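Scroll down for the structure; my scribbles are underneath it.
Keep in mind that what you see is a predicted model, and the values were worked out from it rather than measured. Along the sequence shown, residues carry numbers from 1.
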Amino acid sequence: MMLSSKKYEEFAYVLDHLPQGYANDPRPTFQREPITQAVGETYFTLLELVPKKGVSFSLHERIYIGKGSRKKIDHVQRRIRYDDLTPTAKSELPFVIEKIVQLREKEFVDFFNNARPITTRMHQLKLIPGIGRKTMWLILEERKKEPFKSFENIMNRVRMPEPKKAIVNRILSELKGEDKYRLFTRPPTTGQE
């Protein structure tokens, strides 16, 4: 598993910005606060953020949300579930996750180099979409010879089409709550970030 001991997200990527708050908020427009939905860079935590007054955002913008002084975010309102995302945020999420996975390629390639059995009948590699028993054994044999160096290296040595896309699909599946085991995300909570 790739999760580190660090508890909070330091950076997030903007999925949607709602300057007038949520449309289904029953309060009058002038009483609503602006909301930004984002995904964390480290744990892929889905977040609802309250921006500072007068700031604007672009989709996929990387913003600091850590404990120190923040330029654009007043505070983290709460963690949210996939179902809480706006339609815009849901449509942007795969692109942002792919961007993060590409930027952190070494970590995800290391997953292929270090994945272990979960039980006597289940291996972490088999939890990745597109990896069946045969591909799993090929990966295990190839990594004994030499560790994988990149997604392209995995594709060439194992003939696995698009390992990056497989990782992105797994992360999306975990965020949607479709999986018993989590490899790359933390389970959603109702508490604040």
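Side chain of Arg143 to backbone of Ala115: a donor-acceptor contact under 3.5 angstrom is found. Side chain of Gln37 to backbone of Ile80: no donor-acceptor contact under 3.5 angstrom is found. Panel note: side chain Glu105, backbone Phe151; a donor-acceptor pair is recorded below 3.5 Å.
Phe11 and Leu49 fall into different hydrophobic clusters, where Ile, Leu, Val, Met, Phe, Trp and Tyr residues are linked whenever their side-chain heavy atoms come under 4.5 Å apart, directly or through other members. Linking Ile, Leu, Val, Met, Phe, Trp and Tyr residues whenever their side-chain heavy atoms come within less than 4.5 Å leaves Val14 and Tyr22 in two separate clusters. A continuous path of hydrophobic side-chain contacts links Met160 to Leu125 [ILVMFWY only; heavy atoms under 4.5 Å]. By the rule that hydrophobic residues join a cluster once side-chain heavy atoms approach within less than 4.5 Å of another member, Phe95 and Leu59 end up as members of separate clusters. The hydrophobic cluster containing Leu183 also contains Val39, counting ILVMFWY residues as joined when their side-chain heavy atoms lie under 4.5 angstrom apart, directly or transitively.
How far NZ of Lys180 is from CG of Leu127: 10.5 Å, rounded to the nearest 0.5 Å. Of the inter-residue distances, the one linking Asn156 atom CG with Ser150 atom OG reads 7.5 Å to the nearest 0.5 angstrom. With values rounded to the nearest 0.5 angstrom, Gln124 atom CD is found 11.0 Å from Ile131 atom CD1. For the atom pair OG1 (Thr42) and CZ (Arg186), the distance works out to 9.0 Å, reported to the nearest 0.5 Å. Distance check: Ile97 CD1 to Leu15 CG gives 8.0 Å after rounding to the nearest 0.5 Å. Rounding to the nearest 0.5 Å places CD of Glu98 at 9.0 Å from CG of Asn169.
Looking only at side-chain heavy atoms (C-beta outward), Phe44 and Leu93 stay at 4.5 Å or farther from each other. Two residues are said to be in side-chain contact when any heavy atoms from C-beta on lie closer than 4.5 Å; Leu172 and Pro94 meet this criterion. Within the 4.5 Å cutoff, the side chain of Asp16 has no heavy atoms near those of the Thr36 side chain. With a 4.5 Å cut-off on side-chain heavy atoms, Leu47 and Arg78 do not count as touching. With contacts defined as side-chain heavy-atom distances shorter than 4.5 Å, the pair Glu33/Gln77 qualifies. Here the side chains of Met155 and Pro161 are not in contact, with every heavy-atom distance at 4.5 Å or above. With a 4.5 Å cut-off on side-chain heavy atoms, Val50 and Val76 do not count as touching. Residues Ile128 and Ile167 form a side-chain contact, since some pair of their non-hydrogen atoms from C-beta on lies under 4.5 Å apart.
Ring pair Phe57/His17 is tilted by interplanar angle, where 30° to 60° counts as tilted.
Ring centroid separation for the pair Phe184 and Phe111 comes in under the 6.0 Å cut-off.
Of all non-hydrogen atoms in Pro34 and Pro19, the two that sit nearest each other are CB-O, 3.5 Å. The two atoms that bring Ile35 and Glu48 nearest to each other are CG2-CG, 3.5 Å, heavy atoms only. The minimum heavy-atom distance linking His60 with Val96 is given by the pair CD2-CG2, 3.6 Å. Residues Ala12 and Ala38 come closest through the heavy atom pair CB-CB, 3.8 Å. The two residues Glu142 and Val158 have their closest heavy-atom pair at CG-CG2, 4.3 Å.
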Worked check of side-chain contact (heavy atoms from CB on, under 4.5 Å) between Tyr181 and Glu174:
CA-CA 8 Å; Tyr181 298 103; Glu174 288 181 25; over 6 Å; no
Apply side-chain contact (heavy atoms from CB on, under 4.5 Å) to Arg70 and Asp74, showing your working.
CA-CA 7 Å; Arg70 303 176 186 132; Asp74 183 64; over 6 Å; no
Asn153/Val109 under side-chain contact (heavy atoms from CB on, under 4.5 Å): CA gap, chis, key distance, verdict:
CA-CA 9 Å; Asn153 186 239; Val109 169; over 6 Å; no
With side-chain contact (heavy atoms from CB on, under 4.5 Å) as the criterion, how do Phe148 and Ile139 come out once you've worked through the C-alpha distance, each side chain's angles and the decisive distance to 0.1 Å?
CA-CA 9 Å; Phe148 296 108; Ile139 291 170; 3.8 Å; yes
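Ion pair Lys106/Asp110 flagged as a salt bridge, since at least one NZ, NE, NH1 or NH2 atom sits closer than 4.0 Å to an Asp/Glu carboxylate oxygen. One finds a salt bridge joining Lys149 and Glu146 here, because a Lys/Arg side-chain nitrogen approaches an Asp/Glu carboxylate oxygen to under 4.0 Å. Using a 4.0 Å cut-off between charged side-chain N and carboxylate O, Arg170 and Asp179 make a salt bridge. A salt bridge is defined here as a Lys NZ or Arg NE, NH1 or NH2 lying under 4.0 Å from an Asp or Glu carboxylate O, and Glu61 with Lys72 meets this definition.
At a cut-off of 3.5 Å, with distance as the only test, a side-chain donor of Tyr13 or Glu41 sits close to an acceptor on the other residue. A donor-acceptor pair shorter than 3.5 Å can be found between the side chains of Thr185 and Arg182. With 3.5 Å as the limit, one finds no donor-acceptor pair spanning the side chains of Glu9 and Tyr64.
Residue-environment remark: CD (Gln102) exceeds the threshold of 12 foreign heavy atoms within 6.0 Å.
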